[in-house]
**Student:** 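Quick one: the structure is below, questions incoming.
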Amino acid sequence: MEITSRLGLGAALGLAVGTFAASASAAYTPKLIVQAQGQQTTINVSQDATDDSTARIVIYAPRDVSATLNQPPRTQIGSVRGLINILDLAPPAGVNQEFTGGITTVAPSEAPPTVALCAPGAHDAIWVVSPTAAGASLEAIPMVVDRITTGPEAAFASAKITVCFRPPDIPQGTPGRSPSGARLLQASFTLLGVFTSPTGGSSLAWNALFTPYTPRVGQVN
């Protein structure tokens, strides 16, 4: 199952969200809201605590939004804050914990090995989110960014951000499990100097493709 979320957005503020399920399955209703003005863009993704865990998110910038992806490695381009659920602290429901962190560019040679599993091949930019919660560092999360110039996606998007997550609800000790059974519930990414939105009052459409895990088996649904 995959969920496509399409957001109509004014020049400055996200206005509405629609989600469409590709198939009837377990609960999964993720949401995308984008606020964009000039060179500042805030991307909000969220899901309900009762939803299946997210495996992969692909966020598409509209065709009329330009992307600057030539920042030197180790440049901080933004920040993130949000909410995770840590299953191992109090199973089976887990404990919610707020987190914050920076978003930094990295060279391809410095990219975490999970990048190749999430989005194989070369990319225009690789970012790393370095979150902390309750004073402790959490596992870094890579994000890959690509310009879109050809193919079906070019009909509606100028660039895309891809991020993957490990399965949190498989048995402890299973290779590839999310550390401490942590899973994302909400995140707000603010980027500076990366995406430039045009001035004017016309509406733009940001899109996202959300893919969940099948519960308790660690496989993409």
**Student:** Measuring from atom CD of Gln35 to atom CH2 of Trp206, what distance do you get when rounded to the nearest 0.5 angstrom?
**Tutor:**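 CH2 of Trp206 is found 12.0 Å from CD of Gln35.
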**Student:** Ignoring hydrogens and geometry, is there a side-chain-to-backbone donor-acceptor pair from Thr105 to Pro72 under 3.5 Å?
**Tutor:** yes
**Student:** Between Thr190 and Ser79, do the side chains contain a donor N or O and an acceptor N or O under 3.5 Å apart?
**Tutor:** no
**Student:** For residues 119-127, please give each side-chain donor-acceptor pair under 3.5 Å, one per line with the distance, not counting sequence neighbours.
**Tutor:**
unit_1, atom_1, unit_2, atom_2, d
His123, ND1, Asp146, OD1, 3.0
His123, ND1, Asp146, OD2, 3.0
His123, NE2, Ala119, O, 2.6
His123, NE2, Gly121, O, 3.2
Asp124, OD2, Arg147, N, 2.7

**Student:** Could you go step by step and tell me if Thr114 and Arg166 meet the side chain to side chain contact (heavy atoms under 4.5 Å, CB included) rule?
**Tutor:** CA-CA 9 Å; Thr114 50; Arg166 302 188 189 196; 4.0 Å; yes
**Student:** Going only through I, L, V, M, F, W and Y residues with side-chain contacts under 4.5 Å, is there a path from Ile59 to Val115?
**Tutor:** no
**Student:** Same hydrophobic cluster for Val106 and Val163, using side-chain heavy-atom links shorter than 4.5 Å among ILVMFWY?
**Tutor:**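 Val106 does not cluster with Val163.
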**Student:** Which heavy-atom pair separates Asp52 from Pro215 by the least distance, and what is that distance?
**Tutor:** OD1-CG, 3.3 Å
**Student:** Do the side chains of Ile161 and Val128 join up, straight or via other hydrophobic residues, at under 4.5 Å, putting them in one cluster?
**Tutor:** no
**Student:** Are any of the side-chain heavy atoms of Cys118 and Thr162 separated by less than 4.5 Å?
**Tutor:**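 Yes; the side chains approach each other to less than 4.5 Å.
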**Student:** Look up atom OG in Ser53 and atom CD in Gln47, then write down how far apart they are to the nearest 0.5 Å.
**Tutor:**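 Ser53 atom OG to Gln47 atom CD measures 6.5 Å (nearest 0.5 Å).
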**Student:** Going only through I, L, V, M, F, W and Y residues with side-chain contacts under 4.5 Å, is there a path from Ile148 to Leu209?
**Tutor:** yes
**Student:** What side-chain donor-acceptor pairs closer than 3.5 Å can you find for residues 87-104, not counting sequence neighbours?
**Tutor:**
unit_1, atom_1, unit_2, atom_2, d
Asp88, OD1, Arg177, NH2, 2.7
Asp88, OD2, Arg177, NH1, 3.0
Asn96, OD1, Asn85, ND2, 2.9

**Student:** What is the minimum heavy-atom distance between Ala208 and Leu32, and which atoms define it?
**Tutor:** CB-CD2, 3.7 Å
**Student:** Any non-hydrogen side-chain atom of Met143 less than 4.5 Å from a side-chain atom of Val129?
**Tutor:**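 Yes, close enough: below the 4.5 Å cut-off.
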**Student:** As a test of understanding, state which of Val45, Val34, Asn44, Ile77 forms a side-chain contact (heavy atoms from CB on, under 4.5 Å) with Phe189.
**Tutor:**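 Testing each of Val45, Val34, Asn44, Ile77 against Phe189, the sole residue satisfying side-chain contact (heavy atoms from CB on, under 4.5 Å) is Val45.
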**Student:** Would you say Gln71's side chain and Thr68's backbone share a donor-acceptor pair under 3.5 angstrom?
**Tutor:** yes
**Student:** Only one of Thr54, Thr211, Thr50, Asp48 clears side-chain hydrogen bond (donor to acceptor under 3.5 Å, both in side chains) with Tyr28; which?
**Tutor:** Thr54
**Student:** Restricting to non-hydrogen atoms, name the atom on Ala205 and the atom on Pro62 that form the minimum distance, rounded to 0.1 Å.
**Tutor:** O-CG, 3.3 Å
**Student:** For the residue pair Thr132 and Leu138, establish whether any side-chain heavy-atom pair is separated by less than 4.5 Å.
**Tutor:**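 Answer no - side chains too far apart.
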**Student:** Give the minimum heavy-atom separation between Cys164 and Arg56, together with the two atoms involved.
**Tutor:** SG-CG, 3.7 Å
**Student:** How many angstroms lie between CZ in Phe165 and CD1 in Ile84, if you round to the nearest 0.5 Å?
**Tutor:** 11.0 Å
**Student:** Side chains of Lys160 and Val145, heavy atoms from C-beta outward: is any pair under 4.5 Å?
**Tutor:**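 SC-SC contact between Lys160 and Val145 ruled out.
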**Student:** Is there a side-chain contact between Leu69 and Val194 in this structure, where contact means two heavy atoms from C-beta onward sitting under 4.5 Å apart?
**Tutor:** yes
**Student:** Of all heavy-atom pairs between Pro167 and Gly176, which one has the smallest distance, and what is that distance?
**Tutor:**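 Scanning both residues, the minimum pair turns out to be CD-O, 3.5 Å.
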**Student:** Say you draw a straight line from CD of Gln186 to CZ of Arg81; how long is it, rounded to the nearest 0.5 Å?
**Tutor:** 9.5 Å
**Student:** To the nearest 0.5 Å, tell me how far Tyr213 OH sits from Arg183 CZ.
**Tutor:**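 Tyr213 OH to Arg183 CZ: 12.5 Å, rounded to 0.5 Å.
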**Student:** How long is the gap from CD on Gln37 to OG1 on Thr42, to the nearest 0.5 Å?
**Tutor:** 10.5 Å
**Student:** Distance alone, cut at 3.5 Å: any donor-acceptor contact between the side chains of Tyr60 and Ser158?
**Tutor:**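 No donor-acceptor contact under 3.5 Å links the two side chains.
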**Student:** Considering non-hydrogen atoms only, spot the tightest contact between Ile170 and Gly218 and give its length.
**Tutor:** CG2-N, 3.3 Å
**Student:** Membership question, hydrophobic clusters at under 4.5 Å side-chain separation (ILVMFWY): are Ile43 and Leu184 in the same one?
**Tutor:**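 Yes; Ile43 is reachable from Leu184 via cluster members.
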**Student:** For a 4.5 angstrom cut-off between non-hydrogen side-chain atoms, does Asp64 reach Leu204?
**Tutor:** yes
